[in-house]
Amino acid sequence: MNEHEDRLSKRESFEQEQNELIKRRLEELEELKKLGVNPYAYSFDVDSYSSDILASFKDDAPPSDASVAGRIVSLRRMGKASFCHIRDSKGKMQIYLKRDDIGSAYDQFKLMDIGDIVGVKGTVFRTKTGEVSIHAKSLELLSKSVRPLPVVKEKVDEQGNKTVYDPFSDKELRYRQRYVDLVVNPDVREVFVKRAKVVSSVRKFLDEKGYLEVETPALQPIYGGAAARPFTTHHNALDFDFYLRISDELYLKRLIVGGFEGVYEIGKDFRNEGMDKSHNPEFTMLELYVPYKDYNWMMELVERLIHFVALAVTGGAKVKVGKNEIDFTPPWKRITMLDSIREVTGEELAGKSEGDLSAIAKKHHVEVDLSMGAGKIIDAIFSELVEPKLIQPTFITDYPVEMSPLAKRHRSKPGLVERFELMCNGHELANAFSELNDPLDQRSRFEDQARLKARGDEEAMVVDEDFLRALEYGMPPTAGLGVGIDRLTMVLTDRDSIRDVIFFPQMKPEK
RNA sequence: GGGGCUGUAGCUCAGUGGUAGAGCAUCUGCCUUUUAAGCAGAGGGUCGUAGGUUCGAUCCCUACCAGCCUCACCA
């Protein structure tokens, strides 16, 4: 028996030994069938949604009818009348059910539970205690829930402060059973609605500029475009090992060689590295390449893009993130990497040898090892000492050439490249450069990477001969950009863990 | 990978070297405008898994599994 079959059989035996609560619900299911009810209906005509009904209700207007559907999330039975709340896609609202009004459906209702999905038609009214509700004329079971849902209760006081009782808060359960999390924790839904707005507003912005949205391979014979270790997989028919992409960069630049006036891709990248609050093995990246532009132009585009997205998602340019308020109103601070290090540490790194850099790093308690080249040491100093202090959006510019093998050499500063990273809330949000389009220089940069790899740098890039061939045909001067969509969403939704902006974050398999 | 914390009822959590408790949920009864509904009663557990110490383990020890935090690694 292989592992997969083993897991299946465990699953089956789990289903067989259902607990009391599930047994009880299965009995109710049978009772309902005996009453002639199909517990899994085919459709229901919905014409209204909870929050719309609540928002538009007027006490002096003539009573109106509504047809709503949703999941029962609370239940108060009082003999021959009952109240329940149902949650639909827009919120939740109360339903009032009276036996005299709905007749035999009330007997069916007695067999329903929290978690069941129902359709209700009735009249909108305000109860004695002031809650706008639907007085049901009919009730229809749409889907019987046989597994008990956590019951989360909340109390709202006069000031509108919400107290939640028995929250569904176990992080493991919330991530593994996100469907339950979404049902009982409404703010989770809002985060993901905002995430969708991040993506759609990015698309809108770029489409309006006339850039072409494209798709490039996720299965690649050679990985590239970033410094990271890849996942490996195997194609049976070709009997060949492929890599899951760590970036889209090299393929998108091939399309610029092909003559497109700007291409972008929003897609998943995969990196075989550790997981923590800001890293998930698969994550979503926006990459954009525009010919005849450089990184200075790209800085302005990024300012406008993210400002546009912030407005679309949050309604304003100022966003509360943790204890900080981040203001995305352009223009943003621009400072070179070496200047920013000098500002924070007082150290001048320009022109220093690898040995000097290593000594400076140690002086500031930044760990370095022998596999690191000068570029990596500077990056380590920056990441450790400067990056966490950059809260407001800031462009860090002009990186050492050794750590940017795909970026063009700086037009006036030897040893540096025309590259910027956008830092925000202590993290990198975007990375961009004037793309290297000199095929000879690109080849020698790849060779430098190969040497780093030989020294033990597992993330060093590998030579991509086909990409070099494309550059040899000629690529126009091009500005390129990468934006981490997950991290942008984290900032715009004030979440401090990437797991809270990914529906199904990577977890060890359940056993 | 290192360190710390956690795992007990469907959910959230107490607790003890003598095989277990609360609130909510569930079930029974009463209740036709309630809302953390209420009142009265009842059921529900391989105390993460496997070993060990012990007369006896949910508790002590070891390993393992899973999660969270943190460091390392890493965008």
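Numbers restart at 1 for each chain; the letters A, B, ... are given by sequence-line order, proteins then strands. Predicted, not measured: the structure shown is a model, and the values here were computed from it.
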Taking CG from A:Leu173 and P from B:rC11, how many angstroms apart are they, rounded to a whole number? 6 Å
Which nucleotide in the set B:rA72, B:rU35, B:rC68 lies at the smallest distance from any side-chain heavy atom of A:Glu384? B:rA72
Integer angstrom distance from the C1' of B:rA9 to that of B:rC5: 24 Å
Using atom P of each nucleotide, how far apart are B:rU12 and B:rG3 to the nearest Å? 29 Å
Output the rounded distance in Å from CE (A:Met275) to C1' (B:rC74). 13 Å
Using the P atoms only, state how far B:rG18 lies from B:rG41, rounded to an integer number of Å. 30 Å
Can you tell me if the side-chain N/O atoms of A:Lys162 get under 4.0 Å from OP1 or OP2 in B:rA36? no
Given B:rU6, is OP1 or OP2 found less than 4.0 Å from the side-chain N or O atoms of A:Lys171? no
Applying the side chain to side chain donor-acceptor pair (under 3.5 Å) criterion to A:Asp65, which one of A:Lys121, A:Lys137, A:His135 satisfies it? A:Lys137
Please report the distance separating the C1' of B:rC47 from the corresponding atom of B:rU33, rounded so that it comes out in whole Å. 44 Å
Would you indicate which nucleotide in B:rC69, B:rU26, B:rU32 comes nearest to any side-chain atom of A:Arg24? B:rU26
Given B:rG67, is OP1 or OP2 found less than 4.0 Å from the side-chain N or O atoms of A:Arg176? yes
Starting at the 5' end of RNA chain B, which residue's closest nucleotide do you reach first, A:Phe168 or A:Asp113? A:Phe168
Find the distance A:Met78:CE to B:rU35:C1' and express it as a whole number of Å. 9 Å
Separation of B:rA9 atom P from A:Asp170 atom CG, nearest Å, is 11 Å
Gap between atoms NZ and P, on A:Lys110 and B:rU28 respectively (whole Å): 10 Å
Same-atom distance (P) from B:rG51 to B:rG17, integer angstrom: 24 Å
Watson-Crick or G-U wobble mate for B:rG17, both contacts under 3.5 Å: none
Can you check the distance between B:rC39 and B:rC31, where both ends of the measurement are the C1' atom (answer in whole Å)? 9 Å
Under 3.5 Å on both distances, the Watson-Crick or G-U partner of B:rG41: B:rC27
Just the rounded figure in Å: distance from P of B:rU34 to OH of A:Tyr96. 9 Å
Between the side chain of A:Tyr106 and the main-chain N/O of A:Ala81, is any donor-acceptor distance below 3.5 Å? yes
Calculate the interatomic distance between A:Asp100 atom CG and B:rU32 atom P; express it in whole Å. 10 Å
Validation row: A:Leu488, A:Asp486 side chains within 4.5 angstrom (heavy atoms): no
Quick one, A:Tyr96 with A:Phe83, criterion ring pair (Phe, Tyr, Trp, His ring centres under 6.0 Å). Give me CA distance, side-chain angles, the key distance, then yes/no. CA-CA 5 Å; A:Tyr96 174 52; A:Phe83 288 88; 4.7 Å; yes
Given the C1' atoms of B:rG15 and B:rU49, what is the spacing between them in whole Å? 22 Å
Whole angstroms only, please: what is the CG-C1' distance between A:Asp166 and B:rU26? 14 Å
Between A:Arg77 and A:Arg99, just flag the one whose closest nucleotide in RNA chain B comes earlier from the 5' side. A:Arg99
Are A:Phe192 and A:Phe503 close enough that their ring centres sit under 6.0 Å apart? yes
Using only side-chain N and O atoms of A:Arg76, determine if any of them is under 4.0 Å from OP1 or OP2 of B:rU34. no
So, A:Ser404 side chain and A:Leu406 main chain: donor-acceptor pair closer than 3.5 Å or not? no
